[in-house]
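Some notes on the structure that comes next.
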Amino acid sequence: MTGRVLLLHALRDHFPQWDVFVDDRQIWRATGFIVVSASSAEALADALLRAEGADD
């Protein structure tokens with residue numbers, strides 16, 4: 001299992017209401033009530049935390 005697969009599983013487990021994936025251009029994306037894009041898994045996790053905080 002690659003690091004990318006592990007990170008995808010971790011993000012999906014932590015953010016189950018989001019569809020998390022890496023697109024064909026290697027951009028990390030999550031779709032939910034908005035679309036979030038980032039250049040890395042860490043940046044995507046930060047953006048999702050901020051997005052969820054804004055949803056409260």
Side-chain angles (χ1 to χ4, degrees):
M1 190 175 296
T2 66
R4 176 180 291 168
V5 171
L6 289 172
L7 288 168
L8 281 168
H9 282 296
L11 286 169
R12 289 172 179 156
D13 286 345
H14 193 73
F15 301 100
Q17 65 279 20
W18 295 85
D19 180 24
V20 178
F21 59 97
V22 180
D23 73 9
D24 59 345
R25 296 183 323 187
Q26 309 308 310
I27 304 296
W28 290 77
R29 298 195 189 274
T31 58
F33 66 97
I34 61 170
V35 176
V36 179
S37 300
S39 59
S40 69
E42 295 83 5
L44 184 63
D46 288 341
L48 289 173
L49 286 169
R50 286 192 307 273
E52 286 194 339
D55 189 38
D56 289 340

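We use all heavy atoms of the structure for the numbers below, so side chains are in, but hydrogens, waters and symmetry mates are not. Start at 1 with the first residue, then count along the sequence.
By the side chain to side chain contact (heavy atoms under 4.5 Å, CB included) test, D46 is found to be paired with R50, residues two or more places apart in sequence or in another chain being considered. The salt bridge (charged side-chain N to carboxylate O under 4.0 Å, His left out) test applied to R29 returns D23, not counting sequence neighbours.
If you chain together hydrophobic residues whose side chains sit under 4.5 Å apart, V35 and F15 never meet in one group. The hydrophobic clustering, which links ILVMFWY residues whose side-chain heavy atoms are closer than 4.5 Å, places F33 and L48 together. A continuous path of hydrophobic side-chain contacts links V20 to I34 [ILVMFWY only; heavy atoms under 4.5 Å]. Linking Ile, Leu, Val, Met, Phe, Trp and Tyr whenever their side-chain heavy atoms come within less than 4.5 Å leaves W18 and L6 in two separate clusters.
Summarising the geometry of A38 relative to I27, their closest heavy-atom pair is O-CG2, 3.5 Å, with the distance given to 0.1 Å.
Note on residues 2-14: pairs passing side-chain hydrogen bond (donor to acceptor under 3.5 Å, both in side chains), not counting sequence neighbours, are R4-Q26.
Taken to the nearest 0.5 Å, the CH2 atom of W28 stands 6.0 Å off from the CG atom of L11.
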